[in-house]
Amino acid sequence: MEKDKLLYRQAGDGDIPQMAEIRAGDWGTEPYWRERIRQYLGAGLHPRESLPSRAVFVGVEGDRIVGLIAGHLTRRFGCDGELEWISVRPECRKRGVAAELFNLLAEWFVAQGARSVCVDVEPSNLAARRSMRGTAQRI
Ligand SMILES: CC(C)(COP(=O)(O)OP(=O)(O)OC[C@H]1O[C@@H](n2cnc3c(N)ncnc32)[C@H](O)[C@@H]1OP(=O)(O)O)[C@@H](O)C(=O)NCCC(=O)NCCS
C-alpha cells in the first residue's frame with residue numbers, strides 16, 4: 001500500500017482537535033490547548049506585545065495532522081516576529097517535518113516584512129534549536 005504524501009497548508013478551525021492532541025503530548029491537556037489554539041486562530045489570544053497578524057501551518061499525512069507551527073508579528077524584545085508553537089508527533093520526528101514548517105513560517109514572516117524573529121526555547125532543547133537553524137538563515 002502506498003503511503004500518504006505529506007502536504008503542508010494553513011490551519012483551520014477543523015484542525016484544532018488534532019493540533020491540541022499534538023501540543024498536549026508535549027505539555028498541558030487537550031482541553032487547555034483546544035481553547036488556546038481556538039483563541040489564537042481567532043485572534044482572541046494576545047501573547048505579550050503581539051500584533052494581530054498571525055499564521056498557523058500544519059503538515060498533513062492523509063487525514064492525520066503530523067505537526068504544526070504558529071507565529072505572529074510582535075514588538076517583543078525589539079523583534080518583528082515571534083515563533084509561538086512548534087510540535088511534531090513523536091512518531092513523525094526526524095523526517096524533516098519541522099524544517100518544512102519552519103520554512104513556511106519563514107516565508108510568511110518575510111512576506112510580512114519581518115526580519116528578526118524571537119522564540120522562547122529551553123537551552124537544553126537541542127532538537128528545537130537545531131531544527132530552527134535553517135529558518136534563522138532564511139530570515
Ligand atoms: C523540535 C521538533 C519540532 C523537531 O521536529 P522534527 O520534525 O523532528 O525536526 P526535523 O526532522 O525537521 O529536524 C530538523 C533538524 O533538527 C535536527 N533534530 C531533530 N531532532 C533532533 C534531536 N532530538 N536532537 C538533535 N537534533 C535533532 C535534525 O537532525 C535536523 O538537523 P539537520 O537539518 O542538520 O539535519 C520536535 O522534536 C518536537 O515536536 N519537539 C517537542 C516540542 C518542542 O520542543 N517544540 C519546540 C519548543 S520551542
Side-chain angles (χ1 to χ4, degrees):
M1 196 172 80
E2 198 187 323
K3 260 190 105 185
D4 283 316
K5 259 175 68 179
L6 265 172
L7 299 171
Y8 295 87
R9 59 166 171 77
Q10 286 214 316
D13 286 350
D15 301 319
I16 292 174
Q18 285 200 62
M19 290 197 286
E21 184 193 332
I22 295 170
R23 283 301 290 169
D26 297 331
W27 183 83
T29 65
E30 288 188 36
Y32 169 84
W33 283 109
R34 275 199 293 272
E35 182 59 14
R36 217 166 154 75
I37 295 168
R38 189 187 63 72
Q39 286 184 359
Y40 189 83
L41 279 173
L45 178 72
H46 306 288
R48 203 176 308 169
E49 295 183 63
S50 63
L51 300 172
S53 293
R54 54 198 56 196
V56 183
F57 296 99
V58 287
V60 184
E61 200 167 34
D63 52 14
R64 194 170 76 126
I65 293 178
V66 298
L68 65 111
I69 194 165
H72 52 266
L73 300 187
T74 190
R75 296 206 176 90
R76 200 170 186 191
F77 303 122
C79 288
D80 306 314
E82 179 169 16
L83 170 67
E84 180 71 0
W85 306 310
I86 178 154
S87 286
V88 173
R89 285 191 194 273
E91 67 274 23
C92 302
R93 289 179 189 168
K94 300 209 175 167
R95 285 169 51 193
V97 174
E100 197 57 49
L101 290 167
F102 275 125
N103 282 342
L104 282 172
L105 191 64
E107 279 171 15
W108 182 81
F109 278 134
V110 169
Q112 305 296 313
R115 286 292 185 276
S116 60
V117 175
C118 58
V119 56
D120 184 5
V121 60
E122 285 290 328
S124 61
N125 191 342
L126 273 188
R129 292 175 62 194
R130 283 202 62 173
S131 56
M132 280 172 210
R133 262 188 333 208
T135 315
Q137 282 157 8
R138 286 177 66 94
I139 297 177

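Start at 1 and go down the list; that is how both ligands and their atoms are numbered.
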Peer 1: Does Asp120 come within less than 4.0 angstrom of ligand 1, counting non-hydrogen atoms of the residue?
Peer 2: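 Distance cut 4.0 Å: Asp120 passes for ligand 1.
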Peer 1: Charged N to carboxylate O under 4.0 angstrom, Asp15 versus Arg9?
Peer 2: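 Yes, Asp15 and Arg9 are salt-bridged.
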Peer 1: Kindly state if atom 41 (C) of ligand 1 has a protein heavy atom within a strict 4.0 Å cut-off, that is, under 4.0 Å?
Peer 2: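 Given the 4.0 Å limit, the answer for atom 41 (C) of ligand 1 is yes, a protein heavy atom qualifies.
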Peer 1: Give the C-alpha distance, both sets of side-chain angles, the deciding distance and a yes or no for side chain to side chain contact (heavy atoms under 4.5 Å, CB included) between Leu6 and Val60.
Peer 2: CA-CA 5 Å; Leu6 265 172; Val60 184; over 6 Å; no
Peer 1: Which one of Leu68, Ile22, Ile86 has a non-hydrogen atom at the shortest distance from atom 45 (N) of ligand 1?
Peer 2: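 Looking at heavy atoms only, Ile86 sits closest to atom 45 (N) of ligand 1.
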Peer 1: For atom CZ of Phe77, decide whether the heavy atoms of other residues, nucleotides or ligands shown that lie under 6.0 angstrom number more than 12.
Peer 2: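 Incorrect, the count does not exceed 12.
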Peer 1: Could you find the nearest protein heavy atom to atom 7 (O) of ligand 1 and give me its residue, atom name and distance?
Peer 2: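 Minimum-distance protein heavy atom for atom 7 (O) of ligand 1 reads Ala98 N, 3.0 Å.
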Peer 1: What is the closest protein heavy atom to atom 23 (N) of ligand 1, and at what distance does it sit?
Peer 2: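 Its nearest protein heavy-atom neighbour is Ala127 CB, 3.4 Å.
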Peer 1: With backbone taken as N, CA, C and O and side chain as the heavy atoms from C-beta onward, which portion of Glu100 lies under 4.0 Å from ligand 1: side chain, backbone, both, or neither?
Peer 2: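 For Glu100, there is no contact with ligand 1 at all, from either part.
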Peer 1: If you count heavy atoms of other groups shown closer than 6.0 angstrom to CD of Glu122, is the number above 12?
Peer 2: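 Count not over threshold, so no.
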Peer 1: Which ligand 1 atoms are under 4.0 Å away from a heavy-atom of Arg95?
Peer 2: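 Going through ligand 1 atom by atom, the ones under 4.0 Å from Arg95 are 11 (O).
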Peer 1: Regarding Arg54 and the six-membered ring of Tyr40, is the cationic atom NZ or CZ under 6.0 Å from the ring centre and inside 45° of its axis?
Peer 2: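 Flagged: Arg54 positioned over aromatic ring of Tyr40.
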Peer 1: Only pairs at least two apart or in different chains count here, so list each side-chain hydrogen bond (donor to acceptor under 3.5 Å, both in side chains) that has a residue in residues 76-88.
Peer 2: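 Pairs touching residues 76-88 that pass the test: Arg23-Ser87, Asp26-Ser87, His72-Glu82, Arg76-Glu82, Asp80-Ser116.
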Peer 1: Identify, with sequence neighbours excluded, every residue that meets salt bridge (Lys or Arg N to Asp or Glu O under 4.0 Å) alongside Arg34.
Peer 2: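 Salt bridge (Lys or Arg N to Asp or Glu O under 4.0 Å) list for Arg34, sorted by chain: Glu30.
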Peer 1: Would Arg89 and Gln18 satisfy side-chain hydrogen bond (donor to acceptor under 3.5 Å, both in side chains), going step by step from the backbone distance to the final call?
Peer 2: CA-CA 10 Å; Arg89 285 191 194 273; Gln18 285 200 62; 3.1 Å; yes
Peer 1: Looking only at non-hydrogen atoms, which of Ala128, Ser87, Cys92 approaches atom 1 (C) of ligand 1 most closely?
Peer 2: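 The residue whose heavy atom sits nearest atom 1 (C) of ligand 1 is Ala128.
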Peer 1: Starting from atom 33 (O) of ligand 1, find the nearest protein heavy-atom neighbour and note its residue, name and distance.
Peer 2: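 Protein heavy atom with the smallest distance to atom 33 (O) of ligand 1: Arg133 NH2, 4.2 Å.
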Peer 1: Looking only at protein heavy atoms, identify the closest one to atom 44 (O) of ligand 1 and say how far it is in Å.
Peer 2: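 Of every protein heavy atom, Asn125 ND2, 2.7 Å lies nearest to atom 44 (O) of ligand 1.
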Peer 1: Before signing off on this row, confirm whether Val121 and ligand 1 have an N or O atom pair separated by under 3.5 Å.
Peer 2: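 N/O-N/O distance below 3.5 Å does not exist for this pair.
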Peer 1: Can you find an N/O atom of Ala99 closer than 3.5 Å to an N/O atom of ligand 1?
Peer 2: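 Yes - when backbone and side-chain N and O of Ala99 are compared with those of ligand 1, one distance drops under 3.5 Å.
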Peer 1: Below 4.0 angstrom from a heavy atom of Asp26, which ligand 1 atoms are there? Numbered from 1 as shown, please.
Peer 2: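 Going through ligand 1 atom by atom, the ones under 4.0 Å from Asp26 are 41 (C), 42 (C).
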Peer 1: Report yes or no: does Ser131 contribute a side-chain atom to a donor-acceptor pair with the main-chain N or O of Ala98 at less than 3.5 Å?
Peer 2: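 Side chain of Ser131 to backbone of Ala98, a donor-acceptor pair under 3.5 Å: no, none is there.
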Peer 1: Heavy atoms only: which of Lys94, Arg89, Arg130, Arg23 lies closest to atom 8 (O) of ligand 1?
Peer 2: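 Shortest heavy-atom distance from atom 8 (O) of ligand 1: Lys94.
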Peer 1: Is it true that a side-chain atom of Trp33 and a backbone atom of Trp27 form a donor plus acceptor pair closer than 3.5 Å?
Peer 2: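 The answer is yes, because a donor-acceptor pair under 3.5 Å joins these two groups.
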Peer 1: To the nearest 0.5 Å, what is the distance between CD1 (Ile86) and CG (Leu105)?
Peer 2: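 So the CD1 of Ile86 and the CG of Leu105 are separated by 8.0 Å.
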Peer 1: For atom 14 (C) of ligand 1, grab the closest protein heavy atom and report residue, atom and distance to one decimal in Å.
Peer 2: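 Among all protein heavy atoms, the one nearest atom 14 (C) of ligand 1 is Ser131 CB, 3.3 Å.
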Peer 1: List ligand 1 atoms under 4.0 Å from Gly96, heavy atoms only on the residue side.
Peer 2: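 Counting atoms of ligand 1 from 1, those under 4.0 Å from Gly96 are 10 (P), 11 (O), 12 (O).
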Peer 1: Just to confirm my output: which protein heavy-atom neighbour is closest to atom 37 (O) of ligand 1, and how far is it?
Peer 2: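 Its nearest protein heavy-atom neighbour is Arg93 CD, 3.4 Å.
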Peer 1: Write out the residue and atom name of the closest protein heavy atom to atom 39 (O) of ligand 1, then the distance separating them to 0.1 Å.
Peer 2: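 The closest heavy atom on the protein side is Val88 N, 2.8 Å.
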